[in-house]
Amino acid sequence: MSNLTDLTVAEIRDGFRAGDFSAREVAQAFNANVAAAKALNAFIVETPERALEAADAADRAKAAGEAPKPLSGVPIGMKDLFCTEGVQTTAASHMLEGFTPTYESTVSKKLWDAGAGMLGKLNLDQFAMGSSNETSYFGNVISPWRRGSGDNAALAPGGSSGGSSAAISARLCPAATGTDTGGSIRQPAAFTGISGIKPTYGRCSRWGIVAFASSLDQAGPMARTVRDNAILLETMSGFDPKDSTSLDLAVPQWEANLSSDLRGKKVGIPKEYRPDGLNAEISAMWDRGIEWLKDAGAEVVEVSLPHTKYALPTYYIIAPAEASSNLARYDGVRYGQRDLPDGAGLQDMYAATRAAGFGPEVKRRIMIGTYVLSAGFYDAYYTQAQKVRALISRDFDLAFEKCDLLLTPTAPSASFALGEKQADPLAMYLNDVFTVPASLAGLPAMAVPGGLDAQGLPLGLQIIGKALDEQTVLNAGLAIEERAGFTARPDKWW
Amino acid sequence: MTESTYRIQGATGEWEVVIGLEVHAQVTSQAKLFSGAATAFGAEPNTQVSLVDAAMPGMLPVPNRECIRQAVRTGMAIDAQINKWSRFDRKNYFYADLPQGYQISQLYHPLVGEGQIEITLDEKNPDSSTKVIGIERIHVEQDAGKLMHDQHPTRSYVDLNRSGVALMEIVSKPDMRSPAEAGAYLSKLRTILRYVGSCDGNMDQGSMRADVNVSVRKPGEAFGTRTETKNVNSVRFVMAVVEHEASRQVDVLEAGGKVVQETRLYDPDRNETRSMRSKEDAHDYRYFPDPDLLPLDLDDAFLEECRQSLPELPDAKRSRYEKDLGLSAYNAATLTADADTARWFEALLAEGARIQKKSEGEVAKASANWLLSELYGALNRLGKSLEDSPVGPEEGAELLALVADGTISGTIAKQVFEIMLETGGRAPQIVEEKGLRQTSDTGAIEAAVAKVLAENGDKVEQYRAGKEALFGFFVGQTMKAMQGKANPQVVNELIKKALS
């Protein structure tokens, strides 16, 4: 029975339908793994009863001869940024500690309606702000991966969806939800040797997801295979009248149309993503990726995205600006943390509540955002950043006149040790250098494992597609997956 | 159009007042601007609050099409430019009645651009001068909740029922020059909003309130520094604020001081304004486009529907009443000053024309006179409004038709109307039951005339000697003898004949 947790989403789904095992057996197996992995700190709340509940419902329906739902029998992890009815939702902050929503986010509801069960709420960087999971109020997630050198240093699982990435690679869940604002699905996927896709902005409803930066936030799946990502994304996507920025489009049949035959496709290699001093192992993996896509039939062309170097500064103006406003609602008046010193007035309550409720990185971003929106600086920062954002989008438009997809590394390095970059926010922000441009342009982008570095740590390749063309992104991901033969997994130490 | 001659006499000479109004008008709509929650006035605290209005984590605004439609229709009614492309911005500030920590408003790209309103300083005086007041813009935004400080000795409570309700902010240009102009502008704006149906105009319920911007200057000089008095909630108070604030500023300036640009509050009990906060501690609202919302992109079909749905507006209506219905300028102005009155009058007119088989023009004068004198008089006496009048347009039209076709005289009509008010009965039945039908029976009238003339031989002599004013006396006596039921026209003819 122990190998049930090695199965992919597709294998669990199909095995459950075939009667190879019951949904309850699957849920119990993953619940056991979750319970045994406290050392990873991947979950903020564990909900084994919810997983069993959904499994029992699936088993009962099957026994009654009902047609299975798309995800019947599949338990998953839910990033703790999605509001879940009756289950504490914190965004990994002290501010929302103890907050239990009376409502269910659109994306999580779609997953439960499709038959999936919830193993628990996954840890993340506080309010999804971070690239290493070290900003969580509930302690950092520890990556299940360790360096081959045997130094046993605790490594970062990436961020902000670090609970999701760690849990999947450690076989605590076959798949999980993530959210991606500037790389929060892709970078943790790369750090832990799994796959994850951020769809086109507007594919997944943002309703019920604790907001970080509204114009960038996008939910997406994370799993071990490209097929699993396609399966989950089909369920998570779709128009939602409760989100004005949701796209009113039919959801394509991504899984049914998966094909690793890339003949007729042109792959663009953006030269700006290979700066001087790029990590040699990353560079070599990228070259291997190019060869794999050629082998799958694609033609490779060099393209230019000239405004790439401005993407990171642009992102670190726009995202904090929106965050500074989105996080204003956490004021101690209606829910969550309230700190009301004796004899305090309203302003004192705001100050005390927000001082205690937000961690340092959240405060830093609120202050940056407040600064760039303030009178006298707005045009120089925010307006200028919006203009550059338009130029970055145009870079992609022009590049996509010459090719159908882009291939780049996902992150500039493999996972780093916890604490290594904490003291230097700028070094931390640089982790997003390859993921942020696609976020600013709202394009679909996916991370797939490309191999291991000399230390035995995973490295990821990123595929960026045209708006709404998730299919080509997934197909290219599949072509890489088939050729990379990535089977490495962390040795269990936890 | 004439220039205002309103001046404040200061120690150093005459001062001119410059006024601009920012009017917040609550949009008439079942639901709030960005949520489905209800908007009814007077509900129990916090019973009309959705997850969006309370700004729960992860909640998102979705524009309510009806609120946008009402603002567009309002813009069309003031002849304004409608911006097919507009956008919502966030105005960021912390306050306990503002759950999101920002108000969704429109700073950079408002829905409605420049328009205008024509005011008449004395609506009822046809010779009164008119003036065009420019409108700068109309934008839509969310209202905030309400703090209640009187529920607990040390705590304040928040009622979020109003949080998220749609407001139109209607910003005038600094075109007004006297308290009377400011009052006339606000009244006219209210009239238009009520005609359009985009705001109920109930100032005492807070559905409409004005921020009053006032500055003073020596005539011909550049604009002075202005103050803004917030949330003034009646026409009378707006006029009082202008008057008070202008003379306060003159006093400050003439004493060698400077007017401070600041926000002030009006205290109606003491009739004075007080400083609330100065520009130095003004908020930095950090406006930026709301990333949760797409820009509003209005198509031609939508705009056409808005235009088609507009009712006849007060200026057009008044001119039609004068030109097509032949009403006096005074009556036309009075009947059109309020949408409800005009609606009532037009129902009376339509019903009258139908019953009498005449054109509306033919029944207009009598209908207008009856409504404005008889009905208004009765309602005043009863302390009722047109809305809860015991006699409706249909009943009124029946009464007037009986007068028009000679069934009863005007005098009898007054009696019948009194009975209608008391009993709720209808005119034709009352006339039948009480035998009030007037007679055109020449025989009976001739007999009465002969009797009156015989009894007043001296007056007949005087009349024949040239005192023609006595004719009315004979008519009166004859009518009295006939108990008011004689057809006055027949009476007139027969008396003339008898005296000739």
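Chain letters run A, B, ... following the sequence lines, proteins first, then strands; residues in each count from 1. Below, each value reflects all heavy atoms present in this structure, side chains not excepted, and no hydrogens, waters or symmetry copies.
Taking both residues in full, the closest heavy atoms of B:Ala96 and A:Tyr350 are given as N-OH, 3.0 Å, listed atom of the first, atom of the second, then distance. Closest heavy-atom contact between A:Tyr137 and A:Gln126: N-NE2, 3.8 Å. Of all non-hydrogen atoms in B:Gln106 and B:Ser86, the two that sit nearest each other are NE2-OG, 3.3 Å. Residue A:Leu124 comes nearest to A:Ala128 through the heavy atom pair CD1-N, 3.8 Å, listed as atom of the first residue, atom of the second, then distance. Of all heavy-atom pairs spanning B:Val27 and B:Gln70, the tightest one is CG1-CB, 3.6 Å. Annotation for A:Arg389 and A:Leu216: closest pair NH2-CD2, 3.5 Å, computed over non-hydrogen atoms.
The contact between A:Leu96 and chain B is made entirely by side chain atoms (from C-beta outward), counting heavy-atom distances below 4.5 Å. In this structure, the portion of A:Tyr103 lying under 4.5 Å from any heavy atom of chain B is its side chain and not its backbone. Only the side chain of A:Val333 comes within less than 4.5 Å of a heavy atom in chain B; its backbone stays farther off. Of the atoms belonging to A:Ala321, it is backbone heavy atoms, and not side-chain ones, that fall under 4.5 Å from chain B. Contacts of B:Tyr95 with chain A are made by both backbone and side-chain atoms, with heavy-atom separations under 4.5 Å. For chain B, no part of A:Asp217 is nearby; none of its heavy atoms comes within less than 4.5 Å. Using a 4.5 Å cut-off between heavy atoms, B:Phe288 contacts chain A through both its backbone and its side chain. Both the backbone and the side chain of B:Asp292 come within contact range of chain A, each with at least one heavy atom under 4.5 Å from a heavy atom of that chain. In this structure, the portion of A:Ile209 lying under 4.5 Å from any heavy atom of chain B is its backbone and not its side chain. For chain B, the nearby parts of A:Arg206 are the backbone and the side chain; heavy atoms of each come within less than 4.5 Å.
Along residues 367-386 of chain A, the residues that come nearer than 4.5 angstrom to chain B, judged on non-hydrogen atoms, are A:Thr370, A:Leu373, A:Ser374, A:Ala375, A:Tyr378, A:Tyr382 in order of number. Residue-level contacts of residues 50-58 of chain B with chain A, in order of numbering, are B:Leu51, B:Ala54, B:Ala55, B:Met56, B:Pro57, B:Gly58; threshold 4.5 Å between heavy atoms.
Of the possible donor and acceptor atoms, none in the side chain of A:Ser160 sits under 3.5 Å from a partner among the backbone N and O of A:Ser184.
Side chains of B:Glu228 and B:Gln261: no donor on one and acceptor on the other come within 3.5 Å. For A:Asp339 and A:Thr353, the side-chain atoms include no donor-acceptor pair closer than 3.5 Å. Donor-acceptor pairing under 3.5 Å is lacking for the side chains of B:Thr229 and B:Thr273. Looking at B:Ser309 and B:Arg73, their side chains do bring a donor and an acceptor atom within 3.5 Å of each other.
Under a cut-off of 6.0 angstrom, the local environment of NZ in A:Lys242 is crowded, with over 12 non-hydrogen atoms contributed by other residues, nucleotides or ligands. Counting heavy atoms of neighbouring residues, nucleotides and ligands inside a 6.0 Å radius, atom CD of B:Glu44 does not exceed 12 of them.
When each of A:Ser215, A:Pro241, A:Gly208 is scored by its heavy-atom pairs under 4.5 Å with chain B, the top score falls to A:Gly208. Comparing A:Phe99, A:Tyr335, A:Phe82 by heavy-atom pairs within less than 4.5 Å of chain B, the highest count is held by A:Tyr335. When A:Asn326, A:Val210, A:Leu81 are compared by the number of non-hydrogen pairs under 4.5 Å with chain B, A:Asn326 comes out ahead. Heavy-atom pairs under 4.5 Å with chain A were tallied for B:Pro291, B:Pro63, B:Ser35, B:Gly101; the largest tally goes to B:Pro291. The residue among A:Ser325, A:Ser214, A:Ala211, A:Gly336 with the most heavy atom pairs within less than 4.5 Å of chain B is A:Ser325.
Between B:Arg274 and B:Asp267, at least one side-chain nitrogen of the basic residue sits less than 4.0 Å from a carboxylate oxygen of the acidic one, meeting the salt-bridge criterion.
Each of B:Glu141, B:Lys91, B:Arg90 was scored for a side chain to side chain donor-acceptor pair (under 3.5 Å) with B:Ser105, with one residue passing: B:Glu141. Under the salt bridge (Lys or Arg N to Asp or Glu O under 4.0 Å) test applied with B:Asp211, the options B:Arg226, B:Lys230, B:Arg264 reduce to a single match, B:Lys230.
With a 6.0 Å cutoff to the six-membered ring centre and a 45° limit on the axis angle, A:Arg203 does not count as a cation-pi contact of A:Phe239.
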